[in-house]
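Accompanying notes for the structure given below.
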Amino acid sequence: MIPAKASTTASRLITGEAVILSLDTKVLRGLNAVGSRVWELIDGHRTVDEIVDVIVAEFEVSRPAAAADLDAFFRQLIDKGLVTTA
């Protein structure tokens with residue numbers, strides 16, 4: 001799966017943390033440091049597995065834990081219309 005930011009989102013990085021707004025639903029979401037890094041990595045080119053690899057390399061987390069957490073996180077982003085997949 002290759003995630004991409006939905007064209008109907010606006011985001012801003014504020015003191016290292018991302019704030020995302022869905023222009024369609026007016027859903028505003030703030031992300032912690034890990035979520036913000038994941039948001040930065042979503043570019044429509046990287047696969048979820050590649051993003052997991054970066055998170056494992058940059059944060060103290062095992063690959064199985066990171067994969068499970070990111071799977072849940074991507075499902076939330078997709079359900080809220082903030083991310084699309086290819």
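- Contact check for Ile55 versus Val61: side-chain heavy atoms found under the 4.5 Å cut-off.
- Ile42 and Val27 fall into different hydrophobic clusters, where Ile, Leu, Val, Met, Phe, Trp and Tyr side chains are chained together by heavy-atom contacts under 4.5 Å.
- In the hydrophobic clustering of ILVMFWY residues, with side-chain heavy atoms under 4.5 Å counting as a link, Val54 and Val48 come out together.
- Taking Thr9 as the reference, Lys5, Ala6, Ile20, Trp39, Leu82 meet the side-chain contact (heavy atoms from CB on, under 4.5 Å) condition, with sequence neighbours excluded.
- Other residues sharing the hydrophobic cluster of Val19, ordered by chain and number and joined by side-chain separations under 4.5 Å: Ile14, Leu21, Leu23, Leu28.
- Within the structure, the salt bridge (Lys or Arg N to Asp or Glu O under 4.0 Å) test picks out the following pairs touching residues 69-86 (sequence neighbours left out): Asp71-Arg75.
- The stretch residues 12-22 participates, sequence neighbours left out, in these side chain to side chain donor-acceptor pair (under 3.5 Å) pairs: Ser22-Thr25.
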Check the pair Val38, Phe74 against side-chain contact (heavy atoms from CB on, under 4.5 Å), reporting the backbone distance first and the verdict last.
CA-CA 10 Å; Val38 171; Phe74 280 118; 3.9 Å; yes
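- In this structure, Ile51 and Pro3 approach most closely via the heavy-atom pair CD1-CG, 4.0 Å.
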Decide yes or no on side-chain contact (heavy atoms from CB on, under 4.5 Å) for Leu31 and Phe73, but give the supporting numbers first.
CA-CA 11 Å; Leu31 303 178; Phe73 183 57; 3.8 Å; yes
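- Taking every heavy atom of both residues into account, Ala4 and Gly44 meet most closely at CB-CA, 3.8 Å.
- Applying the side chain to side chain donor-acceptor pair (under 3.5 Å) test to every pair with at least one member in residues 51-60, sequence neighbours left out, gives these pairs: Arg37-Glu58, Asp53-Arg63.
- Within the 4.5 Å cutoff, no side-chain heavy atoms of Ile2 are placed close to those of Thr85.
- For residues 18-29, there are no salt bridge (Lys or Arg N to Asp or Glu O under 4.0 Å) pairs, not counting sequence neighbours.
- Listed for the Asp43 side chain is a donor-acceptor partner under 3.5 Å among the backbone atoms of Arg46.
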